[in-house]
Amino acid sequence: MRIPKVLWPAAGVIVLFGTLHAFQREFREFPGMEYNDFPLPSDYRQQTEFVFARLMYPEVRFSVGFGRRTNGDWREGYTYWTQDYPRADRHFLTALRRLSRIDARSVEQPVNPDDADDIYNWPWLYAVQPGHWELSDAQAARMRDFLLRGGFFMGDDFWGDEQWEVFAASMKKIFPDREIVDLPDKDQIFHSVYDLSDRYQVPGARYRYTGVSYKCEGCPAKWRGIYDDKGRVMVALTFDSDLGDSWEFADDPSYDEKYSALGIRIGLNYIMYSITH
């Protein structure tokens with residue numbers, strides 16, 4: 001049977017998703033820094049059009065600001081890439097499925113940049129605490145290729161000058177010739193679903209018992225990113241904010257609802273932007 005020309009684009013999408021599913025790694029779970037027994041949703045093996053992928057990464061070999069050294073093997077979990085994991089991811093995915101028509105499963109996918117070409121099967125990558133990462137040259141090269149091919153990376157929950165310098169060192173490996181800039185309010189990434197011109201600092205978990213939104217003095221929230229040659233945001237950074245905690249504690253009465261509301265909206269905007277630009 002011949003496919004009418006009008007259906008060719010749809011057929012191409014079906015083939016694309018079929019190809020991705022054929023090569024994607026199966027769902028896997030690692031021990032987290034905070035959780036090892038969070039409930040696993042029943043759809044964890046479901047093939048969907050969108051998957052929330054969490055980037056695994058090696059850590060710097062020295063302590064970096066208000067944190068702790070884990071001294072573990074990052075490939076086995078229980079290091080900084082597992083902060084808030086998997087509770088934050090699964091809470092956010094519950095909101096994503098409820099607030100949009102995106103076909104997404106209820107669980108995340110940890111992605112190791114050393115796993116051959118697996119990174120290319122997950123167009124959205126999220127990393128928490130990248131102020132502690134230290135990418136190898138090979139990992140940086142793969143990240144650069146992934147992003148220039150149309151991938152999207154979101155970095156979240158890193159604070160202060162010291163962590164910024166650590167983050168920027170690996171990002172400079174990825175893009176030695178591209179600058180990290182402040183994203184203007186008018187950028188479409190802040191208006192893809194919700195109008196987010198009025199943004200404010202999203203605090204971490206300690207806010208629940210301190211009432212303080214920042215982790216360091218003189219650290220106002222910054223919304224930064226990197227553009228490709230066509231003006232597409234391919235790297236979005238929530239520096240001096242903690243969206244992961246806003247998702248993680250969205251069901252906790254001690255964490256102010258307004259922060260979870262903003263954190264979820266930002267995440268949803270970034271995802272919708274990433275799949276439409």
Side-chain angles (χ1 to χ4, degrees), residues 10 12-32 35 38-57 74-75 77 81-128 130 139 142-143 145-157 189 192-193 232-236 238 243-244 247-248 250 263-277:
V13 171
I14 292 171
V15 171
L16 172 61
F17 282 120
T19 302
L20 288 177
H21 292 324
F23 293 99
Q24 287 175 347
R25 279 183 171 266
E26 293 185 356
F27 169 76
R28 53 187 178 177
E29 191 172 39
F30 296 87
Y35 309 100
F38 198 72
L40 181 64
S42 60
D43 68 345
Y44 70 98
R45 290 183 176 174
Q46 184 175 332
Q47 293 185 344
T48 55
E49 293 177 349
F50 176 83
V51 175
F52 183 103
R54 177 180 279 251
L55 180 68
M56 304 167 63
Y57 59 79
W74 64 274
R75 295 164 295 186
W81 73 260
T82 69
Q83 188 81 42
D84 311 330
Y85 161 90
R87 181 183 173 102
D89 309 39
R90 296 178 191 177
H91 276 185
F92 174 73
L93 284 162
T94 297
L96 177 72
R97 287 157 59 91
R98 189 174 296 169
L99 296 172
S100 78
R101 300 185 66 182
I102 296 174
D103 178 30
R105 75 187 192 197
S106 301
V107 295
E108 68 298 321
Q109 180 75 16
V111 175
N112 183 336
D114 290 334
D115 282 348
D117 292 336
D118 187 52
I119 193 172
Y120 301 108
N121 297 321
W122 316 96
W124 158 275
L125 279 180
Y126 168 82
V128 70
Q139 291 167 345
R142 187 165 284 127
M143 282 285 288
D145 189 47
F146 159 80
L147 291 165
L148 292 177
R149 289 190 188 195
F152 186 93
F153 171 69
M154 176 181 176
D156 178 41
D157 187 17
I189 200 169
S192 57
V193 180
R232 173 185 69 97
V233 177
M234 54 183 172
V235 174
T238 50
L243 269 65
W247 305 337
E248 181 181 5
I264 289 169
R265 285 172 169 80
I266 291 173
L268 184 55
N269 266 37
Y270 285 11
I271 286 174
M272 188 63 73
Y273 177 93
S274 75
I275 62 179
T276 57
H277 289 73

Min side-chain heavy-atom separation [X]-[Y] under 4.5 Å:
| X | Y | result |
| --- | --- | --- |
| Asp118 | Asn121 | yes |
| Val233 | His277 | no |
| Trp122 | Phe52 | no |
| Glu248 | Tyr35 | yes |
| Phe30 | Pro86 | no |
| Val235 | Met154 | no |
| Thr238 | Asp157 | no |
| Tyr57 | Asn112 | no |

Taking all heavy atoms of [X] and all of [Y], pick out the closest pair and write down the distance.
| X | Y | answer |
| --- | --- | --- |
| Val107 | Val51 | O-CG1, 4.4 Å |
| Gly77 | Thr82 | CA-CG2, 3.9 Å |
| Met56 | Pro110 | SD-CB, 3.9 Å |
| Pro41 | Pro39 | CD-O, 3.4 Å |
| Gly267 | Phe92 | C-CZ, 3.5 Å |
| Phe146 | Pro123 | CZ-O, 3.5 Å |

Can a donor-acceptor pair be found, under 3.5 Å and without considering hydrogens, that links the side chain of [X] to the backbone of [Y]?
| X | Y | value |
| --- | --- | --- |
| Arg28 | Val111 | no |
| Arg265 | Leu268 | no |
| Arg232 | Met234 | no |
| Asp156 | Val128 | no |
| Ser106 | Asp43 | no |

(message) The criterion is salt bridge (charged side-chain N to carboxylate O under 4.0 Å, His left out); which residues satisfy it with Arg45, sequence neighbours excluded?
(response)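 For Arg45, no residue satisfies salt bridge (charged side-chain N to carboxylate O under 4.0 Å, His left out) once neighbours in sequence are set aside.
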(request) Report the residues that fulfil salt bridge (charged side-chain N to carboxylate O under 4.0 Å, His left out) with Asp89, sequence neighbours left out, ordered by chain and then residue number. (result) Arg54
(request) Indicate the ring-plane relationship of Phe38 and His91, choosing parallel, tilted or perpendicular according to the 30° and 60° boundaries. (result)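 The rings of Phe38 and His91 stand perpendicular, inter-plane angle above 60°.
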(message) When you compare the side chains of Gln139 and Asp114, does any donor N or O come within less than 3.5 Å of an acceptor on the partner?
(response) yes
(request) Go through the steps for Ile189 and Asn269 under the test side chain to side chain contact (heavy atoms under 4.5 Å, CB included), then give the verdict. (result) CA-CA 6 Å; Ile189 200 169; Asn269 266 37; 5.6 Å; no
Under the side-chain hydrogen bond (donor to acceptor under 3.5 Å, both in side chains) rule, collect the residues that match up with [X], sequence neighbours excluded.
| X | result |
| --- | --- |
| Arg87 | Asp251 |
| Glu29 | Arg90 |
| Tyr270 | none |
| Tyr44 | none |

(request) Any chance you could measure Leu99, atom CG, to Met272, atom CE, to the nearest 0.5 Å? (result)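 That separation rounds to 10.0 Å.
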(request) With rounding to the nearest 0.5 Å, note down the distance linking CG in Leu55 to CH2 in Trp81. (result) 9.0 Å
(request) Could you tell me whether Tyr126 and Trp247 have their ring centroids closer than 6.0 angstrom? (result)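 Judged by ring-centre distance (under 6.0 Å), Tyr126 and Trp247 do meet the cut-off.
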